[in-house]
Amino acid sequence: MTTAAEAMASAAARLRAAGVPDPARDARLLLAHAASVDAARVTLIAPEEIAPEIAERFDHLVSLRAVRVPVSQLVGRRAFYGRDFRITREVLDPRPETETLIDLALSAPFERVLDLGTGSGCILVTLLAERTDASGVGVDLSETACLQASANAVLHGVAGRAEILQSDWFDKVEGRFDLIVSNPPYLAAPEMQEVAPELRDHEPEMALTDGLDGLSAYRTIAAEAQGFLTAEGRVLVEIGWTQGDAVCAIFRDAGWGSVTLAHDLDGRPRVVCAQKPA
Ligand code: GLN
C-alpha cells in the first residue's frame, strides 16, 4: 500500500522528469482533485494510505500532466479575481495578468459592458459580479466558448445580466456600451513556436494567435469600436508586453482620443486604454 505522501513524491519526480515547471505543487493539486479534498487539506491526509481507486485516478491525472495538459484543464477550474471559473480545453485559461484589466475597468463607473472574445467569460462575469447594477454582452467566435461563458455566468449568478453571443468580433453586436473590453489573441505566428507546451498543445489556438503578426484584433477593435461606444465610453484591451507602442499607435492612427498604457504587477505594459474622442 502507498501513502498519499509517497504517491505525491513519485508523481512529482515523474513530472519533474517531464519538464513540468512546478512538479511538487502540481502533484499536490492533482492528488487533492483525485481524492476530492481541498488542496489545503492534503497535508492532513499525507500519512494515510490512499484507496486504490484514488491512486488510479491520480495516476491518470499525472500521466496527462506529464504530457503538459494544464492543471486547470485537469481539475476543470481556475481561480480568477477571487472566483473559480469552469475551464476546458476549448477556452483560454484565465491568467493573473488579466486581473490588471479588471482593476482598470473597475476604476471608473460603467453600466453596459461588451467583452470581445469572451472565452471562459472570466472578464465579463467578473465585471458583472463586481458591479451588480451593470449588464453586458460577451461575444466569441467559438460556440463551445460561448457555452462555457454562459455556464460561468450561471455559476456566478450574473446570467440575468449577461448576454452571450456567437459573433465574429462586432458582427452580431447591437447597441452602445460605455465600456468595451477584450483579451484578444495577440501572439504572433512565430511566437507560437516558443511558448510552453501547455499553451501550444492544449489551449485553443484561436484564443492565442491570429496566425499573423498578433495585432489584427487591435486593428479591428480600433477601427470599429467607436460605433459601439457611448459618448464617454472607453476601450480596454490586454496586450502582450512587447506590443505597447504598436497597439497605442494603432488606436492613435484610428483617431482615438486619449490613448494610455497600463502595467501589470510585474511592471510590464499589459493594457491599452483608449477614450472615445470628444
Ligand atoms: N497571455 C497569453 C500568454 O502569452 C496570451 C493570451 C492572448 O493571446 N490573449 O500566455
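Atoms within each ligand, like the ligands themselves, are counted from 1 in listed order. These values consider heavy atoms only, across backbone and side chains, with no hydrogens, waters or symmetry-generated copies.
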Colleague: Should Glu130 and Arg83 be marked as a salt bridge (charged side-chain N to carboxylate O under 4.0 Å, His left out) after you check the CA-CA gap, both sets of side-chain angles, and the distance that decides it?
Modeller: CA-CA 11 Å; Glu130 294 289 326; Arg83 294 180 182 83; 2.9 Å; yes
Colleague: Glu191 vs Arg200, test: salt bridge (charged side-chain N to carboxylate O under 4.0 Å, His left out). Steps then yes/no.
Modeller: CA-CA 10 Å; Glu191 285 179 294; Arg200 196 190 56 227; over 6 Å; no
Colleague: Could you list which atoms of ligand 1 come closer than 4.0 Å to a heavy atom of Leu208?
Modeller: 8 (O)
Colleague: Nearest protein heavy atom to atom 4 (O) of ligand 1, by residue and atom, and its distance?
Modeller: Leu187 CD2, 3.8 Å
Colleague: Give me the nearest non-hydrogen protein atom to atom 10 (O) of ligand 1 as residue plus atom name, then the distance to 0.1 Å.
Modeller: Arg95 NE, 3.0 Å
Colleague: Do Ile221 and Ile123 sit in one hydrophobic cluster, given that two such residues count as connected whenever their side-chain heavy atoms are within less than 4.5 Å of each other, even indirectly?
Modeller: no
Colleague: Under 30°, 30 to 60°, or over 60°: which ring-plane class applies to Phe85 and Phe80, parallel, tilted or perpendicular?
Modeller: perpendicular
Colleague: What atoms of ligand 1 come closer than 4.0 angstrom to any heavy atom of Ala207?
Modeller: 7 (C), 8 (O), 9 (N)
Colleague: Before signing off on this row, confirm whether Arg270 and ligand 1 have an N or O atom pair separated by under 3.5 Å.
Modeller: no
Colleague: Strictly under 4.0 Å, does any heavy atom of Ala196 approach an atom of ligand 1?
Modeller: no
Colleague: What pair of heavy atoms forms the shortest contact from Ser120 to Arg86, and how long is it?
Modeller: CB-O, 4.3 Å
Colleague: Taking 4.0 Å as the limit for heavy-atom contacts, which would you say applies to Val195 with ligand 1: side chain only, backbone only, both, or neither?
Modeller: neither
Colleague: Does Glu198 use its side chain to pair, donor to acceptor, with the backbone of Val69 at less than 3.5 Å?
Modeller: no
Colleague: What pair of heavy atoms forms the shortest contact from Gln275 to Glu232, and how long is it?
Modeller: NE2-O, 3.1 Å
Colleague: Among all protein non-hydrogen atoms, which one is nearest to atom 1 (N) of ligand 1, and what is the separation to 0.1 Å?
Modeller: Tyr186 OH, 2.8 Å
Colleague: Out of Pro184, Pro94, Pro185, indicate the one that has the non-hydrogen atom closest to atom 9 (N) of ligand 1.
Modeller: Pro184
